[in-house]
Amino acid sequence: MSQPAVQTFIDHAREIFAAEADPAKRWAKMSPLLQELLADTAIQEHSKSWPDCSQGSERAENLLFYEDPDYKFVINGLIKAPKTRTQIHDHAHNWTLYGVLDGTETIERYERTDDRSRPDYADIRKTVNVQVGPGKIDLVPPYEIHAEESGEERTVAIIVRAEKAGTFLQGRYDPATKKYWQGYGPKQLPYELK
């Protein structure tokens with residue numbers, strides 16, 4: 001890892017994980033660390049060479065920068081082409097910090113309005129629709145329903161997750177048909193930050 005700001009983030013994140021057992025408090029403390037990383041000019045410049053990530057119909061892709069050997073948190077990169085929208089989804093039990101490094105995005109949040117009695121059905125309604133730019137961090141608690149769409153330019157995000165996505169099922173939602181199903185999270189593409 002030759003990016004000093006990333007190593008500093010990792011060192012401080014490990015300290016937080018060691019000291020704070022409550023997940024909600026832990027992730028609230030992680031947000032300022034990500035804020036510092038997003039403000040680092042070397043990371044901003046380095047991100048210009050990161051490859052785009054596919055947002056395919058079944059599974060998106062994330063760059064995998066780091067997975068902690070002890071605490072299991074990961075640092076991902078997500079680079080989206082202009083006007084690329086994610087599927088409406090949740091992250092299951094996984095806590096997530098989503099930070100915009102470059103470009104703009106629209107962040108949408110949803111809530112379920114059905115009684116959850118049908119396994120393949122979910123009635124959801126949009127509760128948040130806000131445009132954000134560089135430096136904005138979205139803390140996504142477990143099972144929070146959301147989607148993002150990039151703006152008119154390439155968008156780069158740094159994502160910190162409690163554990164590596166892609167190995168467990170996450171919720172998927174279609175508000176038009178009210179269909180609910182599960183699928184695996186993003187494919188993890190190892191990428192070395194040189």
Side-chain angles (χ1 to χ4, degrees), residues 5 9 13 16 23-41 43-44 47-48 50 52-57 59-63 65 73-114 116 122-162 165 170-181 183 185-186:
F9 175 91
I16 290 172
K25 291 179 182 176
R26 176 188 303 147
W27 285 93
K29 291 178 180 179
M30 293 282 288
S31 191
L33 296 183
L34 183 54
Q35 195 76 58
E36 289 177 24
L37 185 58
L38 295 173
D40 186 83
T41 55
I43 292 296
Q44 292 168 3
S47 74
K48 293 177 181 176
W50 297 350
D52 287 353
C53 299
S54 170
Q55 297 299 303
S57 60
R59 290 184 71 188
E61 296 174 342
N62 283 178
L63 302 180
F65 298 142
F73 68 87
V74 297
I75 304 172
N76 287 127
L78 176 57
I79 299 84
K80 292 192 297 227
K83 293 305 221 180
T84 300
R85 179 179 166 76
T86 63
Q87 186 174 61
I88 299 172
H89 64 285
D90 66 45
H91 295 156
H93 60 276
N94 210 4
W95 286 84
T96 304
L97 275 177
Y98 186 93
V100 179
L101 182 64
D102 191 26
T104 60
E105 295 220 307
T106 300
I107 294 176
E108 301 171 357
R109 291 284 180 98
Y110 296 82
E111 70 177 3
R112 282 189 74 162
T113 57
D114 65 289
R116 300 173 190 244
D123 191 7
I124 61 173
R125 72 176 186 88
K126 191 184 297 184
T127 58
V128 172
N129 188 28
V130 62
Q131 189 174 37
V132 298
K136 172 62 179 171
I137 295 173
D138 189 23
L139 174 57
V140 185
Y143 299 101
E144 186 81 24
I145 304 167
H146 62 285
E148 301 95 15
E149 182 174 356
S150 55
E152 299 293 333
E153 67 286 318
R154 175 181 187 260
T155 302
V156 180
I158 295 178
I159 306 169
V160 183
R161 303 179 196 276
Q170 302 178 196
R172 304 284 185 259
Y173 304 83
D174 184 337
T177 64
K178 301 187 187 315
K179 181 180 176 186
Y180 170 80
W181 70 103

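- Put simply, the side chain of Ser31 never gets that close to the backbone of Ala28: no donor and acceptor are under 3.5 Å apart.
- Residues Asp52 and Arg154 are paired through a salt bridge, judged by an N-O separation under 4.0 Å between the basic side chain and the carboxylate.
- Within the 4.5 Å cutoff, side-chain heavy atoms of Glu61 are placed close to those of Ser54.
- Residues Ala122 and Asp114 share a closest heavy-atom pair of CA-OD1, 3.6 Å.
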### Evaluation steps, side-chain contact (heavy atoms from CB on, under 4.5 Å), between Arg112 and Ile145
CA-CA 8 Å; Arg112 282 189 74 162; Ile145 304 167; 3.5 Å; yes

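- Looking at Thr84 and Glu149, their side chains never come closer than 4.5 Å, going by heavy atoms from C-beta outward.
- Taking the side chain to side chain contact (heavy atoms under 4.5 Å, CB included) definition, one finds that Ala39 meets it with nothing, sequence neighbours left out.
- In this structure, Trp181 and Gln87 approach most closely via the heavy-atom pair CZ2-NE2, 3.4 Å.
- Atoms CD and CE, from Gln35 and Met30 in turn, are 13.5 Å apart once rounded to the nearest 0.5 Å.
- Across all their heavy atoms, Ala165 and Gln170 have their closest contact at CB-OE1, 3.9 Å.
- Side-chain contact between Asn76 and Phe65 is absent, with no heavy-atom pair separated by less than 4.5 Å.
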Got a list of side-chain donor-acceptor pairs under 3.5 Å for residues 98-109, not counting sequence neighbours?
from	atom 1	to	atom 2	distance (Å)
Tyr98	OH	Lys80	NZ	3.4
Tyr98	OH	Glu105	OE1	2.5
Tyr98	OH	Glu105	OE2	3.4
Thr104	OG1	Glu153	OE2	3.0
Glu105	OE2	Lys80	NZ	2.6
Glu108	OE1	Arg85	NH1	2.9
Glu108	OE1	Arg85	NH2	2.9
Glu108	OE1	Tyr110	OH	2.5
Glu108	OE2	Arg85	NH1	2.8
Arg109	NH1	Glu144	OE2	3.2
Arg109	NH2	Asp138	OD1	2.5
Arg109	NH2	Asp138	OD2	3.1
Arg109	NH2	Leu139	O	3.0

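- From Ile158, atom CD1 reaches atom CG of Asn62 across 12.0 Å, with rounding to the nearest 0.5 Å.
- Between Thr96 and Ile159 the shortest side-chain heavy-atom distance falls below 4.5 Å.
- Every side chain to side chain contact (heavy atoms under 4.5 Å, CB included) that Ala5 has, sequence neighbours left out, goes to Leu37, Asp40, Ile43.
- Between Leu63 and Ile79, some side-chain heavy-atom pair lies under the 4.5 Å cut-off.
- Between atom OG1 of residue Thr86 and atom CD of residue Glu148 there is a gap of 4.5 Å, rounded to the nearest 0.5 Å.
- Arg161 pairs in a side-chain contact (heavy atoms from CB on, under 4.5 Å) with only one of the listed residues (Ile75, Val74, Leu97), which is Val74.
- A heavy-atom distance below 4.5 Å is not found between the side chains of Asn94 and Pro142.
- The shortest distance between side-chain heavy atoms of Arg125 and Thr127 falls below 4.5 Å.
- Note that CZ of Arg172 and OH of Tyr180 are 9.0 Å apart. Values are rounded to the nearest 0.5 Å.
- Minimum heavy-atom separation, Lys126 to Asn129: CD-CB, 3.8 Å.
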- request: Any chance you could lay out the ring pair (Phe, Tyr, Trp, His ring centres under 6.0 Å) test for Phe73 and Trp27, step after step, and finish with the verdict?
  value: CA-CA 11 Å; Phe73 68 87; Trp27 285 93; 7.7 Å; no

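- Here the closest heavy-atom approach between residue Ser150 and residue Ala81 is recorded as OG-O, 2.6 Å.
- Remark: the backbone N or O of Lys83 is not paired with any side-chain donor or acceptor of Glu152 at under 3.5 angstrom.
- Between Cys53 and Leu78, the shortest heavy-atom distance links the atoms CB-CD1, 3.9 Å.
- A donor-acceptor contact closer than 3.5 angstrom links the side chains of Asp90 and Tyr173.
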